[in-house]
Amino acid sequence: MIQKSKVAVIGLGNIGATVATNLVKGNRSVIVADKTIEKANELSQKLGSLAKPATISNAIKQADIVILAIWFDSIKEVLKTYASELQGKIIVDPSNPIAPDEKGGFKKIIGADESSGQILSTLLPNDVKLAKALGTLGAASLSNASFQTPDKAVEFYATDDNSINAEIEDLIRDNGFDPLRVGGLNQSIRIEVFGDLHEFGALGKTVTLAEAKNKINTIS
């Protein structure tokens, strides 16, 4: 049996808790961490033996893949605070650079033509590989559409480093989705909120692999 990379989910809000839950459903071990160990303990007890609680620092040290399921600005702080611990890791960024607007919706907090994936790529510690993934669906769809049959829903991803494609695709499959790479991090704006391949953008829904490939081909 092939030994899978160790995964840590940092941040146990709607997205992080759902990703951790999906991984356990997919029979993948996961380390869970949050600002308080109590929150990690609570989720791990709920999920069972495949979920192990840890402090943020220890979770990063133990993991090969670190999913930063926290707000965009908080990711920038984590990259700075835990720079030494993150060296040699694969970082997965599911963040969307948004904040509530004054109309009950959301607005981008970076430039209209900027993406969190590209911005974070300039802030990485040494020897860190970044993938934009697990953020193309809202938390409800990330939960409800996981492991759907007969055709799985798609989770898009983007990375500049082809050497981690297999790791990211395995991670997405263990979340209950079919993976589809859209390109490098210069394409990550497409899979963030308001992008043409995001559920809360032009795509507007979950799609199967065949539908997703057709969508990419008609636009590219």
Side-chain angles (χ1 to χ4, degrees), residues 2-99 109 116-117 119-135 137-139 142-143 146 155 157 159 161 164 167-168 170-177 192:
I2 298 175
Q3 184 71 29
K4 293 199 174 189
S5 299
K6 293 182 180 179
V7 179
V9 176
I10 310 297
L12 304 177
N14 291 337
I15 295 294
T18 300
V19 167
T21 300
N22 286 348
L23 287 172
V24 169
K25 285 182 182 177
N27 201 35
R28 181 89 178 248
S29 297
V30 61
I31 304 160
V32 293
D34 201 87
K35 286 184 287 187
T36 64
I37 191 64
E38 289 79 14
K39 195 166 185 178
N41 285 334
E42 181 181 351
L43 183 62
S44 66
Q45 288 170 8
K46 177 182 175 183
L47 295 182
S49 60
L50 285 177
K52 305 294 185 185
T55 63
I56 292 175
S57 179
N58 285 336
I60 294 172
K61 289 176 183 176
Q62 294 176 51
D64 304 302
I65 301 173
V66 180
I67 302 170
L68 295 177
I70 53 182
W71 291 101
F72 169 64
D73 284 337
S74 298
I75 292 179
K76 292 189 285 187
E77 290 301 315
V78 166
L79 294 179
K80 185 187 303 181
T81 303
Y82 299 99
S84 60
E85 291 93 334
L86 286 167
Q87 288 185 19
K89 310 291 185 180
I90 296 171
I91 293 177
V92 173
D93 164 32
S95 72
N96 285 289
I98 56 174
I109 57 173
S116 64
I119 291 173
L120 293 175
S121 71
T122 68
L123 304 175
L124 297 176
N126 292 331
D127 193 29
V128 169
K129 298 172 181 178
L130 176 67
K132 187 79 187 176
L134 300 174
L137 299 173
L142 192 61
S143 176
S146 63
E155 270 280 8
Y157 75 98
T159 181
D161 196 324
I164 65 172
E167 294 267 34
I168 300 305
D170 195 39
L171 181 70
I172 291 172
R173 289 191 188 97
D174 285 342
N175 257 272
F177 296 88
E192 295 173 13

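Predicted model, so just to flag it, every value in this text is computed and none were measured.
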What distance separates [X] [atom1] from [Y] [atom2], expressed to the nearest 0.5 Å?
X    : Y    : atom1 : atom2 : answer
E77  : I75  : CD    : CD1   : 11.5 Å
N58  : I37  : CG    : CD1   : 8.5 Å
I31  : I60  : CD1   : CD1   : 10.5 Å
L86  : L124 : CG    : CG    : 9.0 Å
S146 : L137 : OG    : CG    : 10.0 Å
K89  : D127 : NZ    : CG    : 10.5 Å

Basic-acidic side-chain contact under 4.0 Å: K6, D64: no

Can we say D73 and K76 salt-bridge, meaning some charged N sits less than 4.0 Å from an Asp/Glu carboxylate O? yes

Using modelled atom types only, decide if a donor and an acceptor are shared between the side chain of [X] and the backbone of [Y] within a distance under 3.5 Å.
X    : Y    : result
E192 : G117 : yes
N175 : F177 : no
K35  : I56  : no
N22  : L142 : yes
T18  : N14  : yes

How close do [X] and [Y] get, counting heavy atoms only, and between which atoms?
X    : Y    : answer
A54  : Q62  : CB-NE2, 4.1 Å
S5   : I65  : CB-CD1, 4.0 Å
W71  : I98  : CZ3-O, 3.7 Å
V32  : A40  : O-CB, 3.4 Å
V128 : G88  : CG2-N, 4.3 Å
N96  : G135 : ND2-O, 3.4 Å

Answer whether the closest heavy-atom distance between the side chains of [X] and [Y] falls below 4.5 Å.
X    : Y    : result
V92  : V7   : no
D170 : R28  : yes
I119 : F72  : yes
K132 : L120 : no
V30  : L50  : no
D93  : S116 : yes
S95  : L68  : no

Criterion side-chain contact (heavy atoms from CB on, under 4.5 Å) on I90 and L171, from CA distance to verdict: CA-CA 12 Å; I90 296 171; L171 181 70; over 6 Å; no

Is it the case that D161 and T159 place a side-chain donor and acceptor less than 3.5 Å from each other? no

Do K4 and S29 have side-chain atoms, one donor and one acceptor, less than 3.5 Å apart? no

E42 atom CD, over 12 foreign heavy atoms within 6.0 Å: no

